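Here is the structure we will look at.
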There are 2 protein chains.
Amino acid sequence: MYSIGQVSKIFQLPISTIRYYDKEGLLPNLRKDNSNTRKFDEEAVEAIRVIECLKKSGTSIKGIKDFMTWCEEGPSTYGKRLELFEKQKKQVEDEIKELENTLNMIKFKCWYYDKAMEYGNEDFVEEIPEILPNEVRESYIKAHS
Amino acid sequence: MYSIGQVSKIFQLPISTIRYYDKEGLLPNLRKDNSNTRKFDEEAVEAIRVIECLKKSGTSIKGIKDFMTWCEEGPSTYGKRLELFEKQKKQVEDEIKELENTLNMIKFKCWYYDKAMEYGNEDFVEEIPEILPNEVRESYIKAHS
DNA sequence: TCTTGACCTGAAGTCAGGTTTAGGTATTAG
DNA sequence: CTAATACCTAAACCTGACTTCAGGTCAAGA
């Protein structure tokens, strides 16, 4: 059994955030002891892990709450739960692709300002396609088309 | 030369957002014609592209504004600009890594609810390590340790 | 001429996702 | 006994990034 302070340390989440999740109904199975203190068993800790996973994948607090409600409702909601994770799977895959494009542009910008520092000016812009190494040229053209 | 409506369509950004960026100083070079209408030349369009890139990489509006100010200040700020892009490069790389972990957990959850639907219950949880295909088991153990 | 559509401004409003505050309880160390 | 520590609640507050609103200009077409 963990206290809120321990859970806070495990997940590097502020205590206030965990209480907020509880208030929003994200931890329906959470128990309190006789002096009104939250007690986290393995299941409750797992719930936090799922919350973090869904959060990172872009699910809203309301969406996570819905999921937790489905979990309470038993086997009849397996379909909905699967659907949610499949939606989030696609969303994360798309997000990774987008970040990879962003990363290419940023790498180009790093190269660009590196050159600018070397030359003291940006006049080399005119010759970029020539100057650019092969493996970077392609993403440059993609980023600027 | 593009109107704000055209730029809005090109980048799929609401007109109000572009005006907001202008108000916040993200488009210092933007000109207006004699009837006070914004006119976007290629440079201003490039600026929007950079704004989107920095935004996707997690830079705040204030951070982007600082960058635009440095661009106005000339060659003396190449160092700062490079530093910014290097910071964002690291940030995006870390974000991609985190999303890849998230994706693994989500894939596991998809597999899990797929099984749950197949069996009509979650009793197979006991045997997960046995049931799990080799390539998934490792991330399962990672995700649950 | 009038009205439709695209543009403008400043100010106020919105929303998610927390965080902070104020005031209180319970347990433990000195 | 008391003081520090860890916990509690309800409610107010905050922040970033927009969005909406109210009211106005301007050019073109019927």
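Since the model is a prediction, treat every value here as computed from it, not as a measurement.
- In this structure B:Lys65 satisfies the side chain to side chain donor-acceptor pair (under 3.5 Å) test with no other residue, sequence neighbours excluded.
- Below 30°, between 30° and 60°, or above 60°: for A:Tyr113 and B:Tyr78 the angle between ring planes is between 30° and 60°, a tilted geometry.
- Nucleic acid contact for A:Lys55: sugar-phosphate only, since backbone atoms but no base atoms lie under 4.0 Å from a heavy atom of the residue.
- Distance from the side chain of B:Asn36 is smallest to C:dT9 among D:dT19, C:dT9, D:dC7.
- Look at NZ on A:Lys32: it is 14 Å from P on C:dA26, rounded to the nearest Å.
- At a threshold of 4.0 angstrom between heavy atoms, the contacts of B:Lys62 with the nucleic acid are absent.
- Among the atoms of the strands shown, base atoms are found under 4.0 Å from some heavy atom of A:Ser16.
- A cation-pi arrangement, defined by a distance under 6.0 Å to the six-membered ring centre and an angle within 45 degrees of its axis, is present between B:Lys109 and B:Tyr112.
- Among C:dG18, C:dC8, C:dC7, the nucleotide with an atom closest to any side-chain atom of B:Ser3 is C:dC7.
- Considering only the side chain of A:Ile4, D:dC8 comes nearest among D:dT19, D:dA17, D:dC8.
- B:Arg19 comes within contact range of at least one nucleobase, with a heavy-atom separation under 4.0 Å.
- For the OP1/OP2 pair of D:dA17 and a distance below 4.0 Å, the side-chain nitrogens and oxygens of B:Lys23 include no atom meeting the criterion.
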